[in-house]
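Counting convention: from 1, in listed order, for ligands and their atoms alike.
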Amino acid sequence: MTHLLILGGTTEANALAKTVAEQGISATYSYAGRVDKPRPQPLPVRVGGFGGAEALARFLRDHAVTHVVDATHPFAAQMSRNAVAASREAGVPLAALTRPQWEAQQGDHWQHVADVEGAVAALSGPAQRVFLAVGRMHLEDFAAQPQHHYLLRLVDEPDALPLPNCDVVVARGPFTEADDRALMQRHGTELVVSKNAGGTGARAKLDAARALGVPVLMIDRPALPQRTELSNVAQVLDWLAHSGVNLGV
Ligand code: 3Y8
Ligand code: NAP
């Protein structure tokens, strides 16, 4: 009896969930519980951490999970490490559903930094109007550079903000180039700080930056563990079929 666990929270995970539900494959969609109202799914949903890799291995056994697809965001490195360790321990096959990283194109002015700390260090210059589009979890790190005027885009209304000089936009993607361009023009953005998320949901700000000639501070992805990596839903269905799942007729 098949039971697929989808580690979700991305556009690709949502596309997979839709197809899996349509194919009648028994599956559970998992969120970390980072935002107040995560998007509803056409599958049973569980929300919250598992309690570490050991606990995830126990979850896999206790819920007779037969396959794991790690469709989390490329910056969710801890989850991906735990998923590889737990699936190995529980003897459950795992594949990741990933998306290629963004590459600079003609007309882009990108400066690459290795991680959030590198982005903070790169902001040590004189005050600028910075579109900080990296979410909420690392905002405190940027308090080290309070001289800038920040435009923050967050999924939920923040309670406290560690930055003295900032405007907040509460919005969840996927975003469009036209909207991001208008937002950046309204704010007078002089620099965009972005994670190299890849995919379509967050790239609008990069297209807008190119159109406006605004430079981008691009945070490179964290290292992820070795695992089977698939790049679209069809490949996941193929992987499932080849590991004994009889897909709908
Ligand atoms: C909780 C679950 C869909 C999926 C939507 C994608 C696209 C829009 C763009 C900007 C960048 C950012 C952020 C972003 C995007 C998609 C996708 C993506 C970036 C939701 C969601 C959850 C989260 C968590 C949230 C983080 C934050 C990151 C905002 C759902 C909406 C900045 C990443 O407040 C918080 O604690 C938010 C935390 C992790 C990163 C951070 O450090 O703050 N995502 N985002 C997931 C869970 O609980 O398991 O409701 O859909 C999902 C999506 N966010 O098709 O609708 O696939 O990447 N998410 C980044 O890429 O830099 C926004 O503003 O331009
Ligand atoms: P992370 O730092 O890699 O994970 C930290 C811990 O959060 C994990 O060890 C796990 O807790 C829990 N966790 C993470 N993803 C989970 C999931 N899908 N289901 C259950 N527990 C989960 O992860 P993150 O960067 O905070 O990302 C959290 C969620 O937001 C993920 O679903 C990710 O896809 C989504 N997301 C993240 C970003 C981003 O920029 N990081 C962007 C878009 C979407 P335990 O150790 O207790 O099991």
Side-chain angles (χ1 to χ4, degrees), residues 5-18 28-41 45-60 65 68-86 96-99 101-102 115-116 119 131-142 150-159 161 168-177 179-181 183-184 189 192-209 216-225:
L5 175 65
I6 299 174
L7 299 175
T10 60
T11 308
E12 289 72 18
N14 299 344
L16 176 62
K18 185 168 172 298
T28 300
Y29 190 102
S30 180
Y31 280 121
R34 284 271 177 282
V35 299
D36 293 349
K37 292 184 289 301
R39 174 191 284 272
Q41 295 296 337
V45 170
R46 66 163 299 288
V47 182
F50 296 96
E54 283 299 313
L56 175 52
R58 260 196 316 281
F59 178 94
L60 298 179
V65 171
V68 177
V69 174
D70 176 0
T72 58
H73 189 275
F75 278 70
Q78 184 61 54
M79 184 72 257
S80 293
R81 280 194 294 275
N82 289 1
V84 165
L97 175 54
T98 64
R99 55 226 187 158
Q101 65 180 15
W102 295 315
D115 48 28
V116 171
F131 179 13
L132 191 58
V134 296
R136 177 181 62 87
M137 294 195 302
H138 298 281
L139 283 190
E140 297 73 42
D141 301 33
F142 292 91
Y150 290 101
L151 169 64
L152 306 180
R153 179 149 65 186
L154 304 174
V155 176
D156 294 324
E157 199 61 53
D159 26 36
L161 282 171
V168 176
V169 168
V170 177
R172 71 169 58 204
F175 304 105
T176 67
E177 179 190 344
D179 290 350
D180 277 8
R181 199 163 150 166
L183 174 68
M184 289 160 65
T189 298
V192 174
V193 182
S194 171
K195 291 176 183 171
N196 198 327
T200 52
R203 73 151 305 124
K205 58 186 178 282
L206 304 179
D207 299 331
V216 173
L217 202 47
M218 183 57 77
I219 303 173
D220 292 338
R221 295 180 170 187
L224 291 175

Any protein heavy atom nearer than 4.0 Å to [atom]:
atom	answer
atom 6 (C) of ligand 1	yes
atom 25 (C) of ligand 1	no
atom 40 (C) of ligand 1	yes
atom 49 (O) of ligand 1	yes
atom 36 (O) of ligand 1	yes
atom 54 (N) of ligand 1	no
atom 14 (C) of ligand 1	no
atom 29 (C) of ligand 1	yes

Quiz item: With side chains defined as the heavy atoms from C-beta onward, is the minimum distance between Val134 and Phe75 less than 4.5 Å?
Solution: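 The answer is no; the side chains never approach within 4.5 Å.
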
Quiz item: Do Met79 and Leu56 come close enough that some side-chain heavy atom pair is under 4.5 Å?
Solution: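 Heavy-atom side-chain distance check passes, below 4.5 Å.
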
Kindly identify the option in [options] whose heavy atom sits closest to [atom].
atom	options	result
atom 45 (N) of ligand 1	Thr10, Val155, Val170	Val155
atom 39 (C) of ligand 2	Met137, His73, Met79	His73
atom 56 (O) of ligand 1	Glu157, Arg39, Arg153	Arg39
atom 61 (O) of ligand 1	Lys195, Met137, His73	His73
atom 47 (O) of ligand 2	Gly33, Gly8, Gly51	Gly51
atom 19 (N) of ligand 2	Gly173, Gly135, Ser30, Gly9	Ser30
atom 27 (C) of ligand 1	Ala15, Gly135, Ala71, Gly199	Gly135

At less than 4.0 angstrom from any non-hydrogen atom of [X], what atoms of ligand 2 do you find?
X	answer
Asn82	9 (O), 46 (O)
Gly52	45 (P), 46 (O), 47 (O), 48 (O)
Arg46	20 (C)

Quiz prompt | Separation of Trp102 CH2 from Thr200 OG1 (nearest 0.5 Å) | solution =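 These two atoms lie 9.0 Å from each other.
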
Self-check item: Spatial distance of atom CZ (Arg203) from atom CG (Asn196) [nearest 0.5 Å]
Solution: 9.5 Å

Nearest-neighbour protein heavy atom for [atom], which is reported as residue plus atom name and distance:
atom	value
atom 21 (N) of ligand 2	Gly48 O, 3.5 Å
atom 40 (O) of ligand 2	Lys195 NZ, 2.6 Å
atom 5 (C) of ligand 2	Arg34 NH2, 3.8 Å
atom 48 (O) of ligand 2	Phe50 N, 2.7 Å
atom 27 (O) of ligand 2	Ala76 CB, 3.9 Å
atom 29 (C) of ligand 2	Ala32 CB, 3.9 Å
atom 1 (C) of ligand 1	Val35 CG2, 3.8 Å
atom 11 (O) of ligand 2	Gly49 CA, 3.5 Å
atom 47 (C) of ligand 1	Ala32 N, 3.3 Å

Against heavy atoms of [X], which atoms of ligand 1 measure under 4.0 Å?
X	result
Gly173	8 (C)
Val134	32 (C), 40 (C), 41 (C), 42 (O), 43 (O)
Pro38	50 (O)
Asn14	3 (C), 4 (C), 55 (O), 56 (O)
Lys205	10 (C), 11 (C), 65 (O)
Gly9	52 (C), 53 (C)
Ala197	61 (O)

Practice problem: Starting from the C-alpha separation in whole Å, work towards a yes-or-no answer on side chain to side chain contact (heavy atoms under 4.5 Å, CB included) for Arg46 and Tyr29. | Solution: CA-CA 6 Å; Arg46 66 163 299 288; Tyr29 190 102; over 6 Å; no

Is [X] in polar range of ligand 1, meaning some N or O pair under 3.5 Å apart?
X	value
Asp156	no
Gly33	yes
Ser30	no
Thr11	yes
Phe175	no
Phe131	no
Arg136	yes

Quiz item: Side chain, backbone, both or neither: which part of Ala77 comes within less than 4.0 Å of ligand 2 when only heavy atoms are counted?
Solution: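 Answer for Ala77: backbone.
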
Between [X] (side chain only) and [Y] (backbone N and O only), is there a donor and an acceptor less than 3.5 Å apart?
X	Y	result
Asp180	Lys205	yes
Asn82	Gly52	no
Asp156	Asp36	yes
Thr10	Ala71	yes
Arg39	Gln41	no
Arg99	Ala197	yes

Practice problem: Please state which part of Arg203 comes within less than 4.0 Å of ligand 1, counting heavy atoms only: side chain, backbone, both or neither. | Solution: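 No part of Arg203 is near ligand 1 at this cut-off.
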
Quiz item: Side chain or backbone of Arg172 under 4.0 Å from ligand 1, or both, or neither, by non-hydrogen atoms?
Solution: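 Side chain only; the backbone of Arg172 stays clear of ligand 1.
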
Quiz item: Looking only at heavy atoms of Leu56, does any of them come nearer than 4.0 Å to an atom of ligand 2?
Solution: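 In this structure, Leu56 fails to qualify as a contact of ligand 2 - no heavy atom is under 4.0 Å.
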
Quiz item: Counting both backbone and side chain atoms, is some N or O of Thr72 under 3.5 Å from an N or O of ligand 2?
Solution: no

Quiz item: So is there a nitrogen or oxygen of Gln78 less than 3.5 Å from a nitrogen or oxygen in ligand 2?
Solution: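 Yes, at least one N or O pair falls under 3.5 Å.
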
Practice problem: Please report the shortest heavy-atom distance between Ser194 and Val216, naming the atom on each side. | Solution: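 Looks like CB-CG1, 4.4 Å.
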
Exercise. Considering non-hydrogen atoms only, spot the tightest contact between Leu161 and Val168 and give its length.
Key: CD1-CG2, 3.4 Å

